[in-house]
Number of protein chains: 2
Amino acid sequence: MKLEILPKSESLDIQKTIISKIGDLINYKNLEPGDKLPSERTLSEKFGVTRSNVRDAIQKLELYGLLYSIPQSGTFVANIGVTAMNGMIEDILRLEDPDFKTLVETRILLELKTVRLAALRRSDEDLEKIKSALDAYSKKVLKGEDAVQEDLLFHLAIAKASGNSTMNNFMLLITPKIITNFEKYHVCDKSLANQGIEEHMAIYNAIKNQNSKLAKQKMKEHFNVLYQYCYNIKMSS
Amino acid sequence: MKLEILPKSESLDIQKTIISKIGDLINYKNLEPGDKLPSERTLSEKFGVTRSNVRDAIQKLELYGLLYSIPQSGTFVANIGVTAMNGMIEDILRLEDPDFKTLVETRILLELKTVRLAALRRSDEDLEKIKSALDAYSKKVLKGEDAVQEDLLFHLAIAKASGNSTMNNFMLLITPKIITNFEKYHVCDKSLANQGIEEHMAIYNAIKNQNSKLAKQKMKEHFNVLYQYCYNIKMSS
DNA sequence: AGGTTAAAACTGGATAACCAATTTATAAAT
DNA sequence: ATTTATAAATTGGTTATCCAGTTTTAACCT
């Protein structure tokens, strides 16, 4: 039996290499906003990788707003100069994977804001949807069943009512990751569920009455008993 | 000359359609966490689309943590039940594109937090990088040149020093979009630049002295003169 | 020379063929 | 009948080919 060194997500490493080399190229050729990059074929040949790899790397840089592609024309550097380009590529390459702690920290930040905005901006339709999410949650809890999913949807309904699509998007991105971690650590059991109903209702009522300050306050309390608890468990393990 | 109805990002629409149909399928087949989806080939055939489209749709659902793929095995529903799955797919489909206003709103929220965390957690190395970003900014401004990029990098250095990779990632995602919008609207000219140096220095000093409260205060002031201004311009136009 | 046009080359994206690993089905052995 | 061994079929991922616009080049005409 031969001991082999595992590639360990080799594709991610070569993607980072390509991104780095694209950055070098932009520097070397002094490419400015609007200038065209070499074609995907040329880059794949020059870097000694497959064209798919190049495409994936470009796609990622597009996501961060550093490049943009025009279908049958080419890929161009976005409206960002070489200095910012260098710094951002550096940051992107060194960006570490999100861990549980930072996810929770970010979620709390976002939710304390979205609940406030939701209280200020919610339409009647928004309110109805929050209400139905709350009802579904309460119903499940009162039956003694697990209501993690309904809890999630209640919070997402608030994010939606905030009228801020960016925050809403971010909430959609991080919340599921938190939920799955929750279940993995078996941290938040159903013992707090009944308390959860009261807290959810308090939040809902504050939003209904458009009392933004109270809404934020109630959300804060909600997190105090729930997440602070999980937080500590996680830290001590 | 024939007037033709433009497809108008047809590929995005069919991706949404596919995502919706995948959701329906999960409902119809009562697929639970860990269950396997039909193969990409089967889905492409069943939906009458190309396999690439299916792959893209799956990739997006993976990004939001609803599915996960195992290389030569299949695609599986993540550790999220059908209720949450339905709600999230609904949200993802109805998610509207981020506009300038929500981007700024989110950036302010994030920066007021990251600057506070940076003051609390920054290492000496972090501080050095913030300092060098500040120096580069000041140098450019004093030469009377445009310093948008250096400004950007200063703020990103703070985000990095916050020690929260999730917030750092979000900052990387939204900041370039804001910058390009800025230049598009020609809103923040160089007249405020000298004031900008002072404000940046105040923020830096607060972080250096690990005075988190002051750091947040100074960042708030920084936004008051800069972004509040842009905000109003944007709204009245 | 300058401007016009057509054709060749190039581009990102779509499609199809292929691959290695996995899973399932089948056969063989006890 | 159960277990094991083996082969066939299936899987997501990779590579190669093709396509429809775009861009450049070159030829042509005035």
Side-chain angles (χ1 to χ4, degrees), chain A residues 1-19 21-22 25-26 29 31 34-78, chain B residues 1-19 21-22 25-26 29 31 34-78:
Chain A
M1 178 178 173
K2 185 169 57 172
L3 260 186
E4 239 178 296
I5 297 171
L6 295 177
K8 198 194 178 187
S9 71
E10 185 183 343
S11 66
L12 263 182
D13 285 343
I14 77 167
Q15 184 178 88
K16 289 195 172 187
T17 306
I18 296 172
I19 289 177
K21 286 187 177 181
I22 289 178
L25 192 74
I26 292 174
K29 292 204 172 188
L31 296 184
D35 287 350
K36 184 156 80 172
L37 248 63
S39 73
E40 296 175 350
R41 290 169 180 83
T42 308
L43 290 177
S44 69
E45 192 178 341
K46 183 176 290 191
F47 297 158
V49 298
T50 165
R51 198 183 145 200
S52 305
N53 296 137
V54 174
R55 282 180 66 80
D56 289 344
I58 288 176
Q59 192 181 12
K60 183 154 191 179
L61 290 177
E62 277 191 90
L63 182 71
Y64 283 98
L66 300 184
L67 300 177
Y68 62 95
S69 295
I70 296 180
Q72 271 76 23
S73 179
T75 301
F76 305 83
V77 316
Chain B
M1 179 177 171
K2 184 168 59 172
L3 262 186
E4 237 177 296
I5 297 171
L6 296 176
K8 200 193 174 187
S9 72
E10 185 184 343
S11 66
L12 264 182
D13 285 343
I14 77 169
Q15 183 179 89
K16 289 194 171 187
T17 306
I18 296 172
I19 289 178
K21 285 188 177 179
I22 289 178
L25 192 74
I26 292 174
K29 291 204 171 186
L31 296 184
D35 287 351
K36 185 157 78 172
L37 248 63
S39 73
E40 296 176 352
R41 290 169 180 81
T42 308
L43 291 178
S44 69
E45 192 178 343
K46 184 176 291 189
F47 297 159
V49 297
T50 166
R51 196 183 145 201
S52 305
N53 295 137
V54 173
R55 281 180 66 79
D56 289 345
I58 288 176
Q59 191 181 13
K60 183 153 191 180
L61 291 176
E62 275 191 273
L63 181 71
Y64 284 98
L66 300 183
L67 300 176
Y68 62 94
S69 294
I70 296 180
Q72 270 75 25
S73 180
T75 300
F76 305 83
V77 315

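All values below come from the heavy atoms of this structure, side chains included, with hydrogens, waters and symmetry mates left out. Chain naming here is simple, since letters A, B, ... match the order of the sequence lines and numbering starts at 1 in each. Owing to the predicted nature of the structure, the values given are computational and were not obtained by experimental measurement.
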[X]: what forms a side-chain contact (heavy atoms from CB on, under 4.5 Å) with it, not counting sequence neighbours?
X     : result
A/T50 : A/S52, A/N53
B/K29 : B/L25, B/L31, B/P38
A/T17 : A/K21
A/I70 : A/Y68, A/S73, A/F76

- Task: Output the residues of residues 37-55 of chain B in contact with DNA chain D, where contact means a heavy atom of the residue under 4.0 Å from an atom of the strand; sort by number or write none.
- Result: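 Residues of residues 37-55 of chain B that come under 4.0 Å of DNA chain D are, in numerical order, B/S39, B/E40, B/R41, B/R51, B/R55.
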
For this session: Take A/V77 and A/L66 through the test side chain to side chain contact (heavy atoms under 4.5 Å, CB included) and record every step on the way to the result.
Result: CA-CA 6 Å; A/V77 316; A/L66 300 184; over 6 Å; no

- Query: Sequence neighbours excluded, which residues qualify as side-chain hydrogen bond (donor to acceptor under 3.5 Å, both in side chains) partners of A/Q15?
  - Reply: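 Residues passing side-chain hydrogen bond (donor to acceptor under 3.5 Å, both in side chains) with A/Q15: none at all.
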
Return the set of residues passing side-chain hydrogen bond (donor to acceptor under 3.5 Å, both in side chains) with A/T75 (not counting sequence neighbours), or none when no residue passes.
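If we apply the side-chain hydrogen bond (donor to acceptor under 3.5 Å, both in side chains) test to A/T75, skipping adjacent residues, the hits are A/S69.
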
Whole Å only: how far is the [atom1] atom of [X] from the [atom2] atom of [N]?
X     : N      : atom1 : atom2 : value
A/I58 : C/dG12 : CD1   : C1'   : 9 Å
B/D35 : C/dT23 : CG    : P     : 15 Å
B/I70 : C/dA21 : CD1   : C1'   : 12 Å

Can you give me the first and the last nucleotide of DNA chain D (5' to 3') that has an atom within less than 4.0 angstrom of a non-hydrogen atom in chain A?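 Listing 5' to 3', DNA chain D meets chain A from D/dT15 to D/dT23.
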
* Which residue pairs satisfy the salt bridge (Lys or Arg N to Asp or Glu O under 4.0 Å) criterion with at least one member in residues 54-75 of chain B, sequence neighbours excluded? ->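 Listed by first then second residue: B/E40-B/R55.
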
